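Down below is the structure, laid out as structure tokens.
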Protein chains: 2
Amino acid sequence: MLSIGQVAERTGLSVHTLRFYEREGLLLTPVRRGPGGRRVYGEDDLEWLAMCVNLRATGMPLPEIRRYAELVRQGSGTEDERLRLLREHQERVREQIEALGASLERITRKVRAYSGQASCEPGGNGR
Amino acid sequence: MLSIGQVAERTGLSVHTLRFYEREGLLLTPVRRGPGGRRVYGEDDLEWLAMCVNLRATGMPLPEIRRYAELVRQGSGTEDERLRLLREHQERVREQIEALGASLERITRKVRAYSGQASCEPGGNGR
DNA sequence: CTAGGATCTAGAGCCGACTCTAGGTCAACG
DNA sequence: CGTTGACCTAGAGTCGGCTCTAGATCCTAG
């Protein structure tokens with residue numbers, strides 16, 4: 001049973017962001033409240049938030065995470081669609097990684113041209 | 001000798017973005033103008049823009065690209081710093097790729113749990 | 001008591017990177 | 001000759017994702 005501050009620490013999100021995500025409907029359930037109306041989080045919330053952090057870290061937009069949360073909330077019967085959603089995202093992330101790798105390589109070529117004993121390439125403008 | 005529209009096509013940037021980048025000081029020289037004050041781009045501009053696209057694609061912020069452009073404009077003597085800038089960026093991109101890979105793996109685990117003959121993991125909440 | 005610190009809500013503000021609008025110029029085509 | 005269509009400028013608007021503010025509540029320690 002954790003306070004919002006503790007959850008912030010463990011997830012790496014700010015308390016502001018945690019409240020923001022809640023408003024945005026990213027959580028599976030309206031967060032339970034303790035005395036004085038304070039939020040109380042459980043292990044399950046923490047796990048879910050960790051998943052959200054992963055999805056965000058890989059560039060999934062908030063509306064899509066919300067969609068995923070909705071599916072989970074609706075319970076069994078939506079597994080197929082959840083799986084589809086995740087797999088599509090996986091694919092996008094793989095493409096993202098590939099694209100980054102390709103750009104990185106091009107940059108690396110430029111770096112080599114600079115550090116440049118062999119500034120050989122025609123078109124390798126050292127400028 | 002290309003018009004802004006042609007450059008947009010070849011770089012994948014919009015004409016709006018090309019003008020925007022120019023205002024932001026990302027280009028090496030104020031773009032030459034043809035009759036009627038129209039922008040005229042050469043091969044060199046195209047090459048530089050391609051580099052900019054690479055840098056952006058790997059997440060370099062505009063101010064840092066501007067910085068790089070400044071160094072290039074200042075001509076020789078700044079090569080060391082250019083190299084440093086690029087290498088730091090390279091490092092960040094590598095980290096970025098690694099982080100993406102790690103997140104992807106975590107997502108993949110969740111996917112496996114879903115498609116899940118073996119929902120074995122303690123903590124693999126299928127929820 | 002009281003002062004500090006964490007929390008609460010509703011709502012405003014910010015930042016980066018575009019993206020678009022309005023109003024105008026110009027060349028070419030039918 | 002008039003109407004497209006590509007281009008021009010200055011400046012406003014958008015969007016996603018936070019991030020912060022103000023003003024209130026509550027708990028704890030000194």
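Computed from a predicted model, the values in this text were never measured in an experiment. Sequence lines set the chain letters: A, B, ... in the order given, protein chains first and strands last, and positions in each chain run from 1.
- Straight-line distance from the CD1 atom of A:Ile4 to the P atom of C:dT7: 7 Å, rounded to whole Å.
- Listed for the A:Glu98 side chain is no donor-acceptor partner under 3.5 Å among the backbone atoms of A:Gln96.
- When each of D:dC8, C:dA17, C:dC8 is scored by its nearest atom to the side-chain atoms of B:Arg33, the top-ranked nucleotide is D:dC8.
- Hydrophobic clustering (side-chain heavy atoms under 4.5 Å, transitive across Ile, Leu, Val, Met, Phe, Trp, Tyr) groups A:Tyr41 together with A:Phe20.
- In this structure the side chain of B:Tyr21 reaches within 4.5 angstrom of the side chain of B:Leu62, judged on heavy atoms.
- Put simply, the side chain of B:Glu81 never gets that close to the backbone of B:Thr78: no donor and acceptor are under 3.5 Å apart.
- Residues of residues 13-24 of chain B having a heavy atom closer than 4.0 Å to DNA chain C, listed by number: B:His16, B:Thr17, B:Phe20, B:Tyr21.
- Whole-Å rounding puts the B:Met1 CE to D:dC7 C1' distance at 18 Å.
- The shortest distance between the side-chain N/O atoms of B:Arg56 and the OP1/OP2 oxygens of C:dC18 is below 4.0 Å.
- In this structure, CE of A:Met60 is placed 16 Å from P of D:dG16, rounded to the nearest angstrom.
- Between the CZ atom of B:Arg38 and the C1' atom of D:dA6 there is a distance of 5 Å, given to the nearest Å.
- Per the geometry, CZ belonging to A:Arg66 stands 10 Å off P belonging to D:dG16, to the nearest Å.
- As judged by a 4.0 angstrom heavy-atom cut-off over every strand, A:Pro61 is placed among residues touching the sugar-phosphate backbone only.
- Residue B:Arg39 has no polar side-chain atom (N or O) positioned under 4.0 Å from OP1 or OP2 of D:dC7.
- A:Asp45 has its side chain out of reach of A:Val7: every pair of non-hydrogen atoms, C-beta onward, lies at least 4.5 Å apart.
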Name the atoms and distances for all side-chain donor-acceptor pairs under 3.5 Å in residues 51-58 of chain B, with sequence neighbours left out.
| unit_1 | atom_1 | unit_2 | atom_2 | d |
| --- | --- | --- | --- | --- |
| B:Asn54 | OD1 | A:Ser103 | OG | 3.3 |
| B:Asn54 | OD1 | A:Arg106 | NH1 | 2.5 |
| B:Asn54 | ND2 | B:Ala50 | O | 3.4 |
| B:Arg56 | NH1 | B:Met60 | O | 2.7 |
| B:Thr58 | OG1 | B:Asn54 | O | 2.9 |
| B:Thr58 | OG1 | B:Leu55 | O | 2.8 |
| B:Thr58 | OG1 | B:His89 | NE2 | 2.7 |

